[in-house]
Amino acid sequence: MKYHIQTFGCQMNVSDSDWLDRSLKSAGFEKASAEDDAGIFIINTCSVREKPEQKVYSHLGRLKFFLEKNPSAFACVGGCVAQQVGRDFFQRFPYVRLVFGPDGLGMVPGALKRLEQDPALKISLLDFEDYYPEKPGNWPERMPPRAFVNIMQGCDNYCAYCVVPYTRGRQKSRSSREIINECRELIRLGVKEITLLGQNVNSFGRDKNGLEISFARLLRELNSIQGLRRLRFTTSHPKDMSSGVIKAFGELETLCPHLHLPLQSGSDKILKDMGRGYTTQKYLELVDSLRLVRPDITLSTDLIVGFPGESDEDFQLTLEMMNDVGFDSSFSFKYSDRPGVRAALMGPKISEEVKSARLDVLQKLQQEWTAKKLARRVGSSDLVLMDGPSKKQKAGVYSWQGRDGGGRVVNIDFHNREDLTGMILPVRFTRAKKHSLEGEVAS
Ligand code: 5AD
Ligand code: SF4
């Protein structure tokens with residue numbers, strides 16, 4: 001039977017799904033061209049916010065249509081929602097025959113083979129491992145220019161609103177030797193830019209039972225790999241940003257001037273209730289020291305509105321912080337109670353109307369900043385790594401899309417048709433669009 005993978009949620013989930021896709025192919029499974037061509041439906045889920053969780057249930061409901069047409073077809077649920085809901089999925093949706101948590105991912109290809117052979121079987125892979133569950137890369141022969149490399153799993157921070165420590169387990173750092181080897185292999189396969197992934201990459205190596213090198217040291221080791229042109233990482237926690245990592249931004253040739261640094265709130269009271277472990281003053285100091293070593297650094301962030309007890313004044317402070325920092329971009333969310341987290345017991349809860357109104361104001365302010373920041377780039381030049389042809393093509397030219405050092409999307413028109421994938425070109429920015437730049441190759 002052919003498989004179809006549907007992914008919800010963050011970059012970690014996308015990267016897990018990519019691994020599963022490669023591994024199923026190399027285990028002999030065939031990928032379906034569309035949902036109605038599939039017999040094995042895999043849903044990789046996320047439960048960080050309420051919305052993605054709802055999406056999983058409605059997606060499973062919708063799958064019934066395909067599953068009723070084909071009696072041997074079945075569904076598999078993986079990722080954070082699977083870890084939380086567990087075997088209850090078997091009761092709620094009889095056609096679900098496999099549930100797997102983040103640590104069970106590596107066993108999925110084997111489990112699918114068993115499920116195909118025995119139609120009565122149901123399998124759950126929900127145990128947490130004590131160590132980072134190493135898996136074979138199963139990389140294809142040729143890779144696109146940008147790739148993601150997992151460096152850790154789980155999180156130990158227990159921020160009051162966050163379900164991740166419960167669904168992804170305690171922090172487990174991957175061995176630096178494995179990370180370095182994987183990066184070398186990817187570069188050999190054509191990769192130019194690597195983004196290191198983890199819930200809190202700055203605390204890499206500082207696991208409960210870990211003996212790994214520090215994150216700053218890991219960055220240095222990776223920077224010295226021959227052929228690596230660009231290095232990025234996400235996500236960082238402000239309380240764990242060491243001076244070594246800040247210094248690295250000023251020193252390491254490959255480290256891109258871009259940092260995603262979730263602020264969550266601009267109110268010290270709310271930050272304290274969230275258990276974030278820093279104040280706005282500390283955050284601003286961090287921004288100053290980053291800009292001192294890398295004045296052109298692009299900063300993006302995550303913000304939550306309507307955390308329990310957030311007053312109008314608290315929200316105003318978040319707007320002020322946005323103006324004080326001037327983020328290039330941000331992701332903002334309405335707070336939602338997640339099962340079992342501390343904030344679920346905190347009050348008073350903020351109404352949906354107030355949350356929506358605050359989110360709207362916040363996002364409008366961000367749009368202004370994004371526009372301002374992009375406009376400032378016009379007239380300047382930077383190196384752009386070409387990803388591939390742009391989605392929108394104009395008549396008479398060949399439009400290509402790439403990213404500048406700060407991670408901004410750049411579109412460039414060429415008169416000749418040639419394959420530019422993976423090239424790093426000097427580009428002068430000519431125009432700012434809402435979320436991207438237009439440019440021309442600088443001579
Ligand atoms: N409600 C709303 N947003 C949340 N996030 C995490 N948990 C919640 C929640 N319960 C947001 C945070 C985090 C991002 C990945 O999701 O901003 O940085
Ligand atoms: Fe969740 Fe906080 Fe860990 Fe981020 S650092 S994954 S918000 S607990």
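Worth knowing before you read on, the calculation uses all heavy atoms, side chains too, and leaves out hydrogens, waters and symmetry mates. Index from 1, following the sequence. Just so you know, ligand 1 is whichever comes first in the structure, and atom 1 is the first atom listed for that ligand.
Separation of the F41 and H59 ring centroids does not fall under the 6.0 Å cut-off. Ring centroids of Y166 and Y158 are separated by less than 6.0 Å, placing the two rings close together.
If you check which protein heavy atom lies closest to atom 10 (N) of ligand 1, you get S336 O, 2.8 Å. Ranking protein heavy atoms by distance to atom 2 (C) of ligand 1, first place goes to K334 O, 3.3 Å. Counting protein heavy atoms only, atom 4 (Fe) of ligand 2 is closest to Q199 O, 4.3 Å. The protein atom (non-hydrogen) at minimum distance from atom 3 (Fe) of ligand 2 is C155 SG, 2.2 Å. Among all non-hydrogen protein atoms, the one lying nearest atom 18 (O) of ligand 1 is D302 OD2, 2.6 Å. Among protein heavy atoms, the minimum distance from atom 16 (O) of ligand 1 is reached at R49 NH1, 2.8 Å. The protein heavy-atom contact nearest to atom 5 (S) of ligand 2 is N157 ND2, 3.4 Å. Atom 11 (C) of ligand 1 has as its closest protein heavy atom F333 CD1, 3.6 Å.
In summary, the atoms of ligand 2 found under 4.0 Å from a heavy atom of C162, numbered by their order in the structure, are 1 (Fe), 6 (S), 7 (S), 8 (S). Shown in contact with H237 at under 4.0 Å from a heavy atom are these atoms of ligand 2, numbered in order with element: 5 (S). Every atom of ligand 1 is numbered from 1 in the order shown, and the set under 4.0 Å from a heavy atom of Q264 is 12 (C), 13 (C), 17 (O), 18 (O). Atoms of ligand 2 found under 4.0 Å from any heavy atom of R276 (numbered from 1 in listed order, with element): 2 (Fe), 7 (S). Of all atoms in ligand 1, numbered sequentially from 1 with element shown, those under 4.0 Å from a heavy atom of R338 are 10 (N). For ligand 2, the atoms sitting less than 4.0 Å from at least one non-hydrogen atom of Y158 are 8 (S), numbered in the order shown with element in parentheses.
Residue contacts with ligand 1 for V48 involve both N, CA, C or O and side-chain atoms from C-beta outward (heavy atoms, distance under 4.0 Å). Looking at Y161 against ligand 2, only its side chain comes within 4.0 Å, counting heavy atoms. Contacts between C159 and ligand 2 below 4.0 angstrom, taking non-hydrogen atoms only, involve backbone and side chain alike. Residue contacts with ligand 2 for N200 are absent, since no atom lies close enough (heavy atoms, distance under 4.0 Å).
Looking only at side-chain heavy atoms (C-beta outward), R168 and C155 stay at 4.5 Å or farther from each other. Put simply, the side chain of C76 does not reach to within 4.5 Å of the side chain of R97, judged on heavy atoms.
With respect to D382, the salt bridge (Lys or Arg N to Asp or Glu O under 4.0 Å) criterion is satisfied by exactly one of R377, R408, R403: R377.
Of the charged side-chain nitrogens involved, at least one lies within less than 4.0 Å of a carboxylate oxygen, so that E438 and K433 count as a salt-bridged pair. For R170 and D130, the salt-bridge test fails: no basic side-chain N is under 4.0 Å from an acidic carboxylate O.
With rounding to the nearest 0.5 angstrom, the OG1 atom of T195 is 7.5 Å from the CD atom of Q11. To the nearest 0.5 angstrom, K373 atom NZ is 9.5 Å from Q366 atom CD.
Nearest heavy-atom pair across E310 and I350 is O-CD1, 3.4 Å. The minimum heavy-atom distance linking L271 with L263 is given by the pair CD2-O, 3.4 Å.
Assignment of Q264 to the shell around ligand 2 is not supported, since no heavy atom sits closer than 4.0 Å.
A side-chain donor-acceptor contact under 3.5 Å links D207 and S173.
Of the N or O atoms in Y161, one or more lie within a sub-3.5 Å distance of an N or O in ligand 1.
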